[in-house]
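Written below as structure tokens is the structure these notes are about.
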Amino acid sequence: DQSANATNEAKKVRIDNLHCVYTYCLNNVDCRRTLLLEYFGEQYLSSQCKKYIATRCDNCCSVAQTKLIDFTILTKHIISLVDQLTKKLRSTTINQVIDILKGSKQKTIKDAGYDKLEQFNIAEEVSRINLERLLSKLILDGYLHQDISINDTYGTATAYIRVGKINTFPSPITLSVCLKKENPDVSSTISNNSIHNRLVDACLIKLKDELKLISSEYNIKYSTILSETALKQMALTMPRTKQEMLRKTVEMTTIKYDMYKLDRLLSITCLFGSKLDEEKREDLISGGLKRKREATTTTTTTTTSSYFQDKTNSNIKKKK
Ligand SMILES: [Zn+2]
């Protein structure tokens with residue numbers, strides 16, 4: 001059926017886009033301006049961004065030196081691991097794969113016998129965020145495939161992965177990683193805070209894209225359905241259920257939600273919300289030390305929020 005194919009194709013493009021933005025959020029190395037303009041198909045040299053200290057992006061501020069690392073061998077191990085796990089369990093998640101690669105001592109890993117796998121603990125020296133970036137890249141490049149399942153009742157989004165269609169390596173799989181930080185003590189707390197900001201910003205971009213798409217199907221302007229303010233509120237609160245979305249977003253009504261099928265927006269807030277939960281969980285695991293440091297450096301972190309925010313917003317922040 002041709003129309004079903006068309007909607008599937010549109011859905012795939014949307015998920016690819018969403019993944020692109022998520023990959024952008026995870027990237028704590030490359031120049032934001034370069035990445036952002038690349039997303040819009042333009043070129044920008046990071047040296048331009050580094051030129052003026054006052055207007056450098058957060059990554060150019062925190063990263064002093066980067067190195068391109070070849071992850072082709074690790075990639076082959078990852079594909080083989082995902083293949084084994086999906087054959088055994090039918091589905092696996094990014095977190096589970098990373099836990100095995102990092103040699104996690106969790107009871108569930110040991111009980112399932114994953115500590116006996118060849119891939120157990122082979123990426124011990126690779127940081128968790130770089131593994132997430134690598135897996136994200138492998139999904140974008142088609143080596144792995146991601147299915148997102150959303151549970152409207154519980155408001156959870158789970159991303160399952162399996163082996164993708166691509167399995168040849170015409171060129172090596174590389175990732176730029178940070179070799180030297182500008183100021184290690186400050187930048188580690190900044191990167192945590194800005195992952196949160198970036199997720200909110202990225203969520204807003206995706207919400208707007210999706211709303212524009214929805215409104216174009218009705219031949220109306222997107223602001224007729226929801227205003228910029230309402231979208232910002234939605235990105236900030238990341239509602240997980242229809243009820244929550246109705247309660248937490250001004251201008252949102254049941255009639256609007258049903259008429260324009262705004263569950264399409266809900267699937268975006270659910271996904272980003274679950275990513276945010278993962279980040280929070282990571283924070284809890286890494287313990288009180290980090291939080292203590294965050295408390296002492298809040299004055300520096302508030303000024304580092306990304307440049308997606310409009311001027312009115314940043315003025316409010318400065319007044320604080
Ligand atoms: Zn930059």
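Both ligands and their constituent atoms are indexed starting at 1 by order of listing. Everything numeric in this text was worked out from a predicted model, so none of it was measured.
With a 6.0 Å cutoff to the six-membered ring centre and a 45° limit on the axis angle, K206 does not count as a cation-pi contact of F272.
Each of T93, V163, V97 was checked for a side chain to side chain contact (heavy atoms under 4.5 Å, CB included) with L85, and the lone residue meeting it is V97.
Shown here are the protein N/O/S atoms lying under 2.8 Å from the Zn ion (ligand 1), water excluded: C31 SG, C49 SG, C57 SG, C60 SG.
Every residue meeting the ring pair (Phe, Tyr, Trp, His ring centres under 6.0 Å) condition with Y260, not counting sequence neighbours, appears here in chain and number order: Y218.
Y44 forms part of a hydrophobic cluster together with L37, judged by ILVMFWY side-chain heavy-atom separations under 4.5 Å.
Within the structure, every pair that satisfies the salt bridge (charged side-chain N to carboxylate O under 4.0 Å, His left out) test and touches residues 213-225, not counting sequence neighbours, is listed here: E217-R264.
Under the 4.5 Å side-chain heavy-atom criterion for grouping Ile, Leu, Val, Met, Phe, Trp and Tyr, L199 is not connected to L140 through any hydrophobic cluster.
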